[in-house]
Amino acid sequence: MLDLNAEIASHDSELKRADASVDAMASSLCDHWYPMYHIAARAGWINDPNGLAFHNGRYHVFFQHHPYGTQWGPMHWGHISSDDLAHWDREPIALAPSIEADRDGCWSGSCVVGDDGRLYAFYTGNRWVNDPSVTRDHLQVQCAAVSRDGTHFAKLGVVVPNREGLGNFRDPKVWRQGDVWCMIVGQQSPRNRGQIALYTSSDLLSWDYSGILYQSPDPCVRMLECPDLFFMDGRWVLCFSAMGMKPKGYMARNYNNAGYVVGSWELGRPFEPLTDFRPLDWGHTYYAPQSFATPDGRRVMFGWMSDFSFDTPTMEDGWCGQLTLPRELTLRDDNILLSNPAREISCLFDVATEFGRVDLGTDQELQVVPDLRCGVIDLTYDLESTTAERTGLKIHQTSNGCHLFVAYDVQTSCVVADMRCSELGTRGYRAVPVSGHTLRLRIYADKGSVEVFVNDGEAVLSELSFPGDGACSLVLASESGTTAISDLSYAHECD
Ligand code: FRU
């Protein structure tokens, strides 16, 4: 019989092999669309943010990483750290498949600082089951690893087995609730319902099953990936990435969809929702977010700016996948979660150039900056004095006219991210309904992405953008009517 354990090399040598592979790929990387200020791997594939933590004075971001190619593959945990959430230092790969339980991948999970000051990582050990007599195609368990320095991890093995033999059982998120450690895990029930299971522990090592925290009321939702639960302003916010949800109006239009519900919860009871599902981001490219608490008590979230539904042109460049900016979350009285760029990232941009008020005539276009591939744009529309049917900004516009259009559509009262004229990548558009007499947009452009923050974080749209060579201009456009912009400024990304 095949002895799988004997075939698996030690963790250390697997990590070295993985880092060497990234070195080799990085040496021939094409950085045409490689981000200037978003997190990506040195080379290779990445997806979900994992293990967000503040440990020994540094922020740690881990991420799902395939170091042997630009497609998804056997998952490792890549790692990057920072002392200010804005400038990041590369760290060696933290976790690689090396034990029987994680032999086919160290899937998503989270980190906490234990009572002993060490950093504990909880992740899903994935094994493919090539056995035609079972219906599931993978066997997933929750594993742990521990680190003194936040960089080198010793594996502790399986801490939560798969009691029911579920096919999908993953993405442990751990936090401390008073004296108790809590872990939530996403799962697909035997009846194909998306659920979140709760486990509790007093020592982070032995865990007891404490029941189902939440089941999606939507019978189409078969699995809830990457669950996250936190307390904010007297309410609990439950986030997850839902598989199987059907599009409804402007919502849930992606392959899988990440969002949240607000409710009440106390230990020993299920979560009670007060709201319906609402997207955390309305763009084409956002999935699998995770949040953590900063030392000063803010809740900061990173997401993965993509999903599994399409290939990107960067795959030929030696890399694929990037994270969103860190987003600071706050909860409005009406249970809308506001997401704004973490304040720390303002140091990444030069002093802003102020335009002040700008008026556009019917069908007028106005070039604001001849070349702004990376930077931030702030503007406020005076909608009461605007007669245009659509008014917006052409971002990353190259000499052939290709661009990504971020606009306000008067007829639908939506902010849209319209990809129909973009050079490469996804077509179509995404939209989010807004209200009010003014509209504030803050737009971050990087070499391969655009993030649009609407009305101080009431909604965000994340998009990948792959402009061609040459200057990327920024152009205002007012379609079928006039536009009044009460305030406009922009700043380039610092060199
Ligand atoms: C979400 C996800 C997780 C899983 C990981 C595997 O994007 O599917 O559920 O742990 O990615 O890479």
Open item on the list: Can you tell me how far apart CH2 (Trp236) and CZ (Phe230) are? Round to the nearest 0.5 Å.
Closed with: 10.0 Å
TODO: For Ser306, enumerate each residue passing the side-chain hydrogen bond (donor to acceptor under 3.5 Å, both in side chains) test, keeping only those at least two apart in sequence or located in another chain.
DONE: none
Open item on the list: For a quick check under 3.5 Å, do Arg222 and Ser216 share a side-chain donor-acceptor pair by atom type?
Closed with: no
Task: Under 3.5 Å side-chain donor-acceptor pair for Asn340 and Arg442 - done: no
Open item on the list: Taking ring-ring contact (aromatic ring centres under 6.0 Å, His included) as the definition, give me every residue that meets it alongside Phe122, ordered by chain and number, with sequence neighbours left out.
Closed with: Trp207
Open item on the list: Is it the case that the side chain of Gln322 and the backbone of Met305 share a donor-acceptor pair, with hydrogens and angles ignored and the cut-off at 3.5 Å?
Closed with: no
Open item on the list: I'd like to know if the side chain of Ser210 pairs up with that of Thr200 as donor and acceptor (distance under 3.5 Å, no hydrogens or angles considered).
Closed with: yes
- [ ] Scan residues 109-120 for pairs that pass side chain to side chain donor-acceptor pair (under 3.5 Å), counting only residues two or more places apart or in two chains.
- [x] Asp115-Arg176, Asp116-Arg118, Asp116-Tyr120, Arg118-Tyr120
TODO: Can you spot which of Phe302, Tyr123, Phe153 makes a ring pair (Phe, Tyr, Trp, His ring centres under 6.0 Å) with Phe62?
DONE: Phe153
Open item on the list: For Tyr429, give me all partners under side-chain hydrogen bond (donor to acceptor under 3.5 Å, both in side chains), at least two apart in sequence or on another chain.
Closed with: none
Task: CG/Asp179: more than 12 non-hydrogen atoms of other groups inside 6.0 Å - done: no
Open item on the list: Counting only heavy atoms from other residues, nucleotides and ligands, does the tally under 6.0 Å from OH of Tyr255 exceed 12?
Closed with: no
Open item on the list: Can you list everything that forms a side-chain hydrogen bond (donor to acceptor under 3.5 Å, both in side chains) with Glu463? Sequence neighbours excluded, please.
Closed with: His284
Task: Crowding at CZ, Arg191 (>12 non-hydrogen neighbours, <6.0 Å) - done: no
Task: Positive for side chain to side chain donor-acceptor pair (under 3.5 Å) with Thr124, one of Gln142, Gln140, Arg170, His138 - done: Gln142
Task: ring-ring contact (aromatic ring centres under 6.0 Å, His included) against His60, all qualifying residues, sequence neighbours excluded - done: His79
TODO: Report the relative orientation of the aromatic rings in His76 and Tyr68; use parallel for angles under 30°, tilted for 30 to 60°, perpendicular for over 60°.
DONE: perpendicular
Open item on the list: Please tell me whether Ser108 and Asp48 have a donor and an acceptor in their side chains that are separated by less than 3.5 angstrom.
Closed with: yes
Open item on the list: If the test is ring pair (Phe, Tyr, Trp, His ring centres under 6.0 Å), which one of Phe271, Tyr214, Tyr260 qualifies with Phe240?
Closed with: Tyr214
